[in-house]
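Comments concern the structure below.
Note: hydrogens, waters and symmetry copies are ignored here, and every other heavy atom, side chains too, is used. Quick caveat, the model's predicted, so the values are computed rather than measured.
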Amino acid sequence: MEDVSIVIAASAGQGIQTVESLLVAIFKKAGFHVYASKEYESRVRGGSNTTELRVAGHRVAAFRRRIDILIPFTLGSIEHVRSRISDDTVIIADKILFKNTDPSTLSINPILLPFREKAMEIGNWIYANVVAVGTISALFGIDQSVGEEILNARFSAKGEQVSEENLKAFRSGCIMGAELQSERALSIRIPAPPHMEGEILMNGNEAVALGAIAGGCNFISAYPMSPSTGVLDTLASLSEEFGIVVDQAEDEIAAMNKAIGAWYAGARAIVSTSGGGFALMTEGLSLAGMTESPLVVHLAQRPGPATGLPTRTAQEDLNHAIYSGHGEFCRLVFAPGTIEQAFHITQRAFQIADALQIPVFVLTDQDFVDSYYNIPRIDVSDLVAEHGFVSTDDGYRRYELTADGLSPRGVPGLGEGLVRVDSDEHDEQGHITEDMDSVRPAMVEKRVHKRIQLLQPYLEPPTVYPHPQASSILVCWGSNYQVVKEALDSLGSPDLSMVHFHNVFPLHPDTGPMLSNAGKVMIMENNATGQFANLLRQQTGYEIPQENRHLRYSGKPWSVEEVVEMLKKEGF
Amino acid sequence: MEDVSIVIAASAGQGIQTVESLLVAIFKKAGFHVYASKEYESRVRGGSNTTELRVAGHRVAAFRRRIDILIPFTLGSIEHVRSRISDDTVIIADKILFKNTDPSTLSINPILLPFREKAMEIGNWIYANVVAVGTISALFGIDQSVGEEILNARFSAKGEQVSEENLKAFRSGCIMGAELQSERALSIRIPAPPHMEGEILMNGNEAVALGAIAGGCNFISAYPMSPSTGVLDTLASLSEEFGIVVDQAEDEIAAMNKAIGAWYAGARAIVSTSGGGFALMTEGLSLAGMTESPLVVHLAQRPGPATGLPTRTAQEDLNHAIYSGHGEFCRLVFAPGTIEQAFHITQRAFQIADALQIPVFVLTDQDFVDSYYNIPRIDVSDLVAEHGFVSTDDGYRRYELTADGLSPRGVPGLGEGLVRVDSDEHDEQGHITEDMDSVRPAMVEKRVHKRIQLLQPYLEPPTVYPHPQASSILVCWGSNYQVVKEALDSLGSPDLSMVHFHNVFPLHPDTGPMLSNAGKVMIMENNATGQFANLLRQQTGYEIPQENRHLRYSGKPWSVEEVVEMLKKEGF
Amino acid sequence: MEFNAKMYDMPQEKAWCPGCGNFQLHSILREVLAELSIPPQELVFVSGIGQAAKLPQYTRGHMFNGLHGRSLPAAMAINAANPSLKVIVASGDGCTYGEGGNHFLAQMQRNPDIVNIVHNNMVYGLTKGQASPTSSKGMRTRVQVDGVTNEPFNPLAVAIAMGATFVARVFPGNKAQTKEVLKQAIQHKGYALVDCFVQCVAMNKVNTFQWYKEHTYELEASHDPTDRQMAFQRALESEQYPTGVFYSVEGRPVFWEECAAYRHNPEPLFRRSVDMEKLQDVLDSKA
Amino acid sequence: MEFNAKMYDMPQEKAWCPGCGNFQLHSILREVLAELSIPPQELVFVSGIGQAAKLPQYTRGHMFNGLHGRSLPAAMAINAANPSLKVIVASGDGCTYGEGGNHFLAQMQRNPDIVNIVHNNMVYGLTKGQASPTSSKGMRTRVQVDGVTNEPFNPLAVAIAMGATFVARVFPGNKAQTKEVLKQAIQHKGYALVDCFVQCVAMNKVNTFQWYKEHTYELEASHDPTDRQMAFQRALESEQYPTGVFYSVEGRPVFWEECAAYRHNPEPLFRRSVDMEKLQDVLDSKA
Ligand SMILES: Cc1ncc(C[n+]2csc(CCOP(=O)(O)OP(=O)(O)O)c2C)c(N)n1
Ligand SMILES: Cc1ncc(C[n+]2csc(CCOP(=O)(O)OP(=O)(O)O)c2C)c(N)n1
Ligand code: SF4
Ligand code: SF4
Ligand SMILES: [Mg+2]
Ligand SMILES: [Mg+2]
């Protein structure tokens, strides 16, 4: 086996994050590629949540349906993943779980190990999780010292006793794992891949947050909302180190207006939210348009409408990002497909927002922000966060009409000029005007037509993978990149490629020709109306037929297997 | 002259509403067709505002650039309309206005009359306006008794003295008007049109408000915002008579959530707002989508973004109406082209909203809501406001999955059932669910796919005028109906028709064929990006070429003359 | 009909953590409803989003589980559309005093006839532990990494300043008083705020059940709830928090009573139909 | 530099009605700024939308004329992004206490270092005369056809309940006191609320200049502005309205001072650049 999918299934609040994070760290340190994604209910305790860990000899970055090893922490969670359990699934569970239940009544045949018993021997049942970690680690034939090092790093701050007992628990787990190997001939040997040096692990929210810092972000105003809150958390945790003003706003309206106020005063601000919160921000978005304020919006999608499924995934807010807010102004929407892209796009979002004085979106979703996998080291030594503002002099006019359509942006306190911005239609000085014959049209052209011109050089074409000239294409956007990529890799169809859009609005001018030159065009989206397909038609005239639109709106991400099946049905 | 355009130009707060309303009443009573529209600044006193009154022997319902008679109340207001003054424009002003200014320095040659002087003779300068009314009335050869009757009705409640003095003022004006006729040979004789019996006068806001009442509206929650506030005013003024709960909400978010709460409890609610306020309502709109609540939204557009030009006109919020709110759900957007249509569409909006449990929009704009003209009597005796809800029994499930995709809507207190609605994804009982395998997809299909099916019979085709088979068409939507109609009438091109959409989303299925069968397709919109043209392309694939898109984004409405000129340039 | 607390319970599993204060509050509320013999068909439970806001999900009656922060506008409208229903809002401190702050202020000005139960656990529970408006200064969270610096929101003081007609605080750990106060709140005509100290065992390690127990005491029987000035003074106490009815005035008209719509017709709106003749008159008057 | 009131005036025509109270307030404010010798380059005027909100348009300094109701969040952020600027918010009663109510509450909790001048004309002026949160009961308007029924919003009482650090009311008809209070507010470190009674001659026929004059009187010199309890009591007076500083506390840290961003670096944010080396370390620590 070169590619193992381990699923940990538990109730909220059972502390399985420890199991997940230790295992991921151990696998990575042992030199494997890892991927982790979670799905969870909107509650704090109880229910059934799962985390999938993939361990492989090659890069893995997408969700698989298949479960090779299942580690259930409740009986209910076995039901929860029932449809993913096959005869090949190895179930490893704590004996205690089946104290009153015969596994055969659940039609499963788990390997039962005394995790809790061992933990009690060491002194406390809470070590049971670490015992399990030891077992899995040994099962993968990973040297015990790897895990020990990780545990030391993790627990040394908690005092000697805790640290020691965790180590003991881990070792006792390793022994069970080794026994399992020999007794049950269950052994996993993954060829260690080369060049793992410096590979880093981040989830989507962290990538956005760190990309923001690379882009010079020093202000975040946000109201907590799943699944976007991780960006707020990460920037808060780094606020002192990077000098970031953090305001948990009273509501999303405030968050947006604070961000615009902050940009006005020379900060670089981001807002981070999900659909419902963003809806509340749209009046403010329009203010950014009118005042020609730069702005970066992180919008992490989840299924709607309204509260919907707060912890699930969707791509339902593309239209919302593109069209929301009253009146007309220019905006740019990115939807990263990979963790690296999320970092770089967010960094670039700040540069473009500042250079063009427009709102730039980073559109993600729950599946994307909560998943992580190892990626090559990111080198930021060449990056600079260039400020787009200028020093002003006495006669400064914030909305000067210039040839290229950009009015130099001053900030209060830098130079002698007064920086006067206005949400009403205004003249070059920023003063209210009712001049509809010349001022208003000129200002509209500046905010809309000229800005869209200025945006052209920043637009990026979609990514075609793997064959640049394939006659059939599967269009996708945002977070579906990895799952489609892996499906295509496994299918190996010579004449089928993915066309992945990370730059979703406005579209790169190559888009139309790309579509019309293709033989067959399919699309895959996580919504019920085919929002991106409709956008393509609107912008290029190319209509992807209804039967080629593969729309999913269940709240679950696609698995690699499902994409493969879908493509097979399509004849590939 | 069969069609006279009188413009009254003044500062805000000069009380010229009296002049306007008296003249309109007199003209109408004298048996003429009348039209009035105003343009005004976002201030309460000062500045320059104008009202255009058109008086004609045929129906008039659109704005003309040409001024036949100008009645300026300030010198500044002459400058304000300078570009509309021609050699044929007769300027009639109070002498006092030119006390210190020689008219020739303004390159005009006004008729100066002692309005104020006469008023002072009667006892108070405030009667000057009524003197002017008398003069104009006589100029049109209208029998003095017509005006007297109107004045009596208007002022009798204010006591005998006021009433008498107004009459005196009016008569003294009449004398001047008569003199003017004979001395200056200035006489206007409009042939009185037939069938004026029962014709009524309403502006767009009143038509929406009264249409709402006809649709059973008994709840309005709104926050004041130009130009939509007239709907709130009108419903408030009728609240006692029609049993309408009126809440001036604390903000637009509240207004929307109150409206949804009211529908839930069995009321029929409308919200009325403009773009910025609507932006704040979009989260709640999504709640209506999720809870399957009926809802009627009156959205009166004005130029944006942000505060923009609060008292001017635009068609910039079409995308906003169609795409706002997070997640996916079904909605219907109407944009009336005539006052009658505004009444009937709003009435129907309540029926459809209730029947299909969806939000229905009435999309207007400043020019539309502030303009009025006489229309034939509206007979409501056949209308019934049918309630869409049912009486429930014990096992009632609000979100029952039915064959046709409509779950019967109960209201609390009618029957034994419990009415349980939820903004989270829910099961048939309305309870939070995380079931993504069956419940979620079924609910999405109900809210989106099936609802769009159910909507089909309610969709209405565009209006083609005047030639059903013309090979060239000018597409327009919403408030541009009347101005295009009059322009076409005056052009009389045999092969050019207007295709006017009042049902703007989703489009009627005839739309695509209509466009592709036409030889030349042009469009006229009051926005900078061609929102409706883009929608047409998205929905039908038909692309109206950029050079055929006539976009105006100045904040001013089109005048008949401008449309004619535009069409002439297009070769008609 | 026989009334008992169980009757108000819904069968489905409660997604609250074991030990969560919401359980106590929920069971006390159900007892109170039973003792007041209010049929579920006459009750509308309204909430926003949060852990507290799940209460209507678990309670038999009509339910309007709306948006985060927006329970009050919906509740006020339901009351105005059908005054014969008993509207009980149950939502969190974040929902009511944070996202919904403006509605909190505005509804107090209107005095709708509703009960506003706020599960004040001094934290954002459902979103996993960020500070809420009522969080204690210094409390550290993943967002407030150096501790909360905002001045805690004092709902009682604000409600008294707003002239709300019934203002109370309870700690469900004191069951007898909680029952009594909830009863009064439900029977009060007009807007009744009941701020409830409930522990969030998962996300708030500062304000535990024990902490609330140690930091609360009953307002003396001698406290005069019509004395606004004194009510304010007691609301400012912050070492030890008094519980009970701080302030209560009777007799102020409620929102719907002031509506012209009810001047000649007491029926709920859904029972009415349009008077088309009158409308015809109005239209004809435009001639 | 020589400072005089004229210096703070902008040349363009003011779109206020002749006799509008905003004129008096505007000219007093300009005098105060001159007497405090604050260069326009150090002043940021922030407002929402309304007649009052046009004040920044007419005043020399930086200007952020934002959305209706949203002046406070913008102002707070400007202060946090560059604490060396003096931020003065000037907006209406509708803007601040109506649409913006939640921001009013929340900013008081944060204590940003800003001055919040509210032109309280007890009406929505710009939109032509609907009731505002502070409108008097019974006032008839085109919307409140039977008269206002909402309990009027008492901004001072609420601010005192919130623990705002400076709470005052002025009537510009009393120029000397208005000047003095505005000066104190501008010099106050932290959030300073100055509710100003200004007449709207066009839309409010109840609360005229004369009415304000007859219904206001100065707080006695003996009033102790550190006595919160007493401040509240005085704020409740509603036959005659006291003017002056009701409540004031010094020494509470302001929002930006509590931010980790300023712990090691006093520079405004715009003068800083990213420490890419440190970021490299953070990224590398994810290995
Ligand atoms: C507009 C919006 N913003 C944010 C959220 C996310 N959210 C859900 S519950 C919650 C906080 C809940 O806190 P509280 O009201 O105190 O309830 P608790 O969970 O503590 O009972 C938040 C921020 C949301 N649902 N909607
Ligand atoms: C979101 C939004 N809603 C409504 C409006 C319309 N509006 C503009 S000013 C105003 C009221 C102004 O009243 P106030 O703040 O008291 O200022 P005043 O004009 O009385 O000085 C309203 C409702 C708006 N601009 N934005
Ligand atoms: S997180 Fe807190 S509030 Fe939520 S259920 Fe658990 S204990 Fe209760
Ligand atoms: S309407 Fe009122 S507030 Fe506005 S400028 Fe006129 S007097 Fe002043
Ligand atoms: Mg809480
Ligand atoms: Mg006001």
Nearest heavy-atom neighbours spanning C:A161 and D:A161: CB-CB, 4.0 Å

Go through C:L156, C:V158, C:L105 and name the one with the most non-hydrogen pairs under 4.5 angstrom from chain D. C:L105

Do you know which of C:G100, C:P133, C:A106, C:A260 has the most heavy-atom pairs with chain D at a distance under 4.5 angstrom? C:P133

Rounded to the nearest 0.5 angstrom, the OG1-CG distance for D:T149 and C:N111 is 10.0 Å

Can you tell me how far apart CD (C:Q109) and NZ (D:K137) are? Round to the nearest 0.5 Å. 10.0 Å

Name the region of C:P253, side chain, backbone, both or neither, that has any atom closer than 4.5 Å to a heavy atom of chain D. neither

Salt bridge between D:R110 and C:E151, side-chain N to carboxylate O under 4.0 Å? no

Without swapping roles, check the side chain of C:N102 against the backbone of D:G98 for a donor-acceptor pair under 3.5 Å. yes

Test side chain to side chain donor-acceptor pair (under 3.5 Å) applied to D:Y97 - qualifying residues, sequence neighbours left out: D:D195

Side chain to side chain contact (heavy atoms under 4.5 Å, CB included) assessment of D:M162 paired with C:F153: CA-CA 7 Å; D:M162 292 296 299; C:F153 184 77; 3.5 Å; yes

With heavy-atom distances below 4.5 Å as the criterion, would you say the side chains of D:L236 and C:Q229 are in contact? yes

